[in-house]
Protein chains: 2
Amino acid sequence: MKITSKDSSKKDANMKLQYYQKEDQVLLAVDCIIFGFDKKDLKVLLVKRDFEPEKGKWSLIGGFLKRNENLDEAANRVLNTLTGIKDIYMEQFYTYSEIDRDPGQRTISVAYFALIDVHSHQFDGILIDGAQWFKLNKRPQLIFDHNQMVQKAINRLRRKTQTKPIGFELLPEKFTMRQLQNLYESILDCKLDKRNFINKVNQLDILDKLDEKDMTSSRKGSFLYRFNEKKYKEKLEEGFNFKI
Amino acid sequence: MKITSKDSSKKDANMKLQYYQKEDQVLLAVDCIIFGFDKKDLKVLLVKRDFEPEKGKWSLIGGFLKRNENLDEAANRVLNTLTGIKDIYMEQFYTYSEIDRDPGQRTISVAYFALIDVHSHQFDGILIDGAQWFKLNKRPQLIFDHNQMVQKAINRLRRKTQTKPIGFELLPEKFTMRQLQNLYESILDCKLDKRNFINKVNQLDILDKLDEKDMTSSRKGSFLYRFNEKKYKEKLEEGFNFKI
DNA sequence: TATATTAAATGTATTTTTTACATTTACAAA
DNA sequence: TTTGTAAATGTAAAAAATACATTTAATATA
């Protein structure tokens, strides 16, 4: 019975092949640039590759697309399998297709970037073997075209965080203004004026100021804020534009 | 001899397959959103599909990636084969991978948008059978996820033309200020103030004002301008940012 | 050759946004 | 109670964006 069912599924697959039979097929991979933010530094999660070719070298987290999933699903599966992480912000940004980009075999790779809160509980210590966080400007050389991918991801992140409120994905749910400023300073790689930054963020009017304070950074303590997504979406409908 | 040579090339192909043998392979397509600008209207070039499935319906121009080319090459080849157009501005922007997006067979499609000068000589009359320009807001329903692709391409075009001087790709080499303004008005779908627009463009200081006038639009005639790419690139190096 | 017509060309005052910048405050630790 | 430390706060100046009306150059026509 099992064999029969396998056969019939194969037949289905074959029937679907009727239209474009003569075309070349290729391997499709996904690679993920995983960004994290720790104190004042933007970081990227890399792994030591544990299979050939280029075994032992630093690499992005990646894997192959399977027949029964779309690319977003593949990216999430790969990420989850290799790191245990799930339900995080992820976005496809470019597809790499140079013929010899992967010496193992002709492979086209669709690159994603992901944003995670490094201090979230799903992380607590558990980084898989061979995975390591690197400060962006201290990252090692990567295999294939992965360096290029990281650079393009940084550019995209830089652009997008200025017009969409995705930066909050890199922070804990509750954060101080100073943390938010540090985040933007590290992403944009520049110094920002403290007062102007706070004024600007307050004008956006999409954060809730909490009654809690973070006491780790000073005697006085600094108020915690939380991104109010509902409010943001309401304002969007009214034509509001996020802009840092 | 021919057979031998074929065999050996097959062997080479097989040798390359050693690393990722068990992974699924898929068809990779490219689809092109070709934008043109005519008088006051942004347009898109569509074709009546002449093969199954969905034969006879309106579609983007597309084709399959071949083993011996990268995606940019595929996009250019497909465009050239189907329309005769070559050497134009083209940019990859998103990869579509829903499992049933193409009922013919599982196909992942990498979408490109292209910008052309509708009045350039390589066009002179010769539009292939079944191809037709449509005003953006009067375009027909398209097959598969092509409507989605066009919408995303428009968004990308809108964003990018505001920060990069790619709009000129849609105009003839020499153009009037009014044509340039019409172009931006149609891309951004809004009215712009004539004097402010001219002032802003002049401040950018990347156009050459020619001694020629275009006499078709008025008795007085209006001066022709030309984008000075060299000047633009020099200014870029000095930290200049294009912004309309 | 004078007149009419049409779109092109031009500048400024006002408003809004961005920038630069220094003092006081709240709390914990000594 | 004093001290040290980062947090909190507001305003004036500069720059950028906006709103807006008249004159001009050329052809066509009377």
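Order of the sequence lines fixes the chain letters, A, B, ..., with proteins taken first and strands second; residue numbering starts at 1 for each chain.
- Looking at heavy atoms from C-beta onward, A:Gln181 lies out of side-chain contact with A:Thr176 at the 4.5 angstrom threshold.
- Taking the nucleotide of DNA chain C with the nearest heavy atom to each of B:Phe223 and B:Arg219, the more 5' of the two is matched to B:Arg219.
- With values rounded to the nearest 0.5 angstrom, B:Thr81 atom OG1 is found 10.0 Å from B:Asn76 atom CG.
- Remark: of the listed residues A:Lys138, A:Lys135, A:Arg139, A:Lys135 is the sole one forming a salt bridge (charged side-chain N to carboxylate O under 4.0 Å, His left out) with A:Asp41.
- Geometrically, B:Lys209 does not engage B:Tyr225 in a cation-pi contact, judged by NZ or CZ lying under 6.0 Å from the ring centre and within 45° of the ring axis.
- Heavy-atom contacts of chain A under 4.0 Å fall on DNA chain D between two terminal nucleotides, which in 5' to 3' order are D:dG4 to D:dG10.
- Between B:Phe134 and B:Trp58, the ring-plane angle classifies as perpendicular under the 30° and 60° cut-offs.
- A donor-acceptor pair is defined here as one N or O able to donate and one able to accept, closer than 3.5 Å; no such pair exists between the side chain of A:Lys39 and the backbone of A:Asn182.
- The NZ atom of A:Lys220 sits 17 Å away from the C1' atom of C:dA29 (whole-angstrom rounding).
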Show me the side-chain donor-acceptor pairs of residues 233-244 of chain B shorter than 3.5 Å, one per line, residues at least two apart or across chains.
from: B:Lys233; atom 1: NZ; to: B:Glu229; atom 2: OE2; distance (Å): 3.2
from: B:Lys235; atom 1: NZ; to: B:Leu204; atom 2: O; distance (Å): 2.9

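- Less than 4.0 Å separates DNA chain C from at least one heavy atom of each of the following residues of residues 190-209 of chain A: A:Asp193, A:Arg195, A:Asn196.
- Following rounding to the nearest Å, B:Gln179 (CD) and C:dA8 (C1') show an atom-to-atom distance of 14 Å.
- Note: A:Phe37 and A:Phe35 fail the aromatic proximity criterion, with ring centroids not under 6.0 Å apart.
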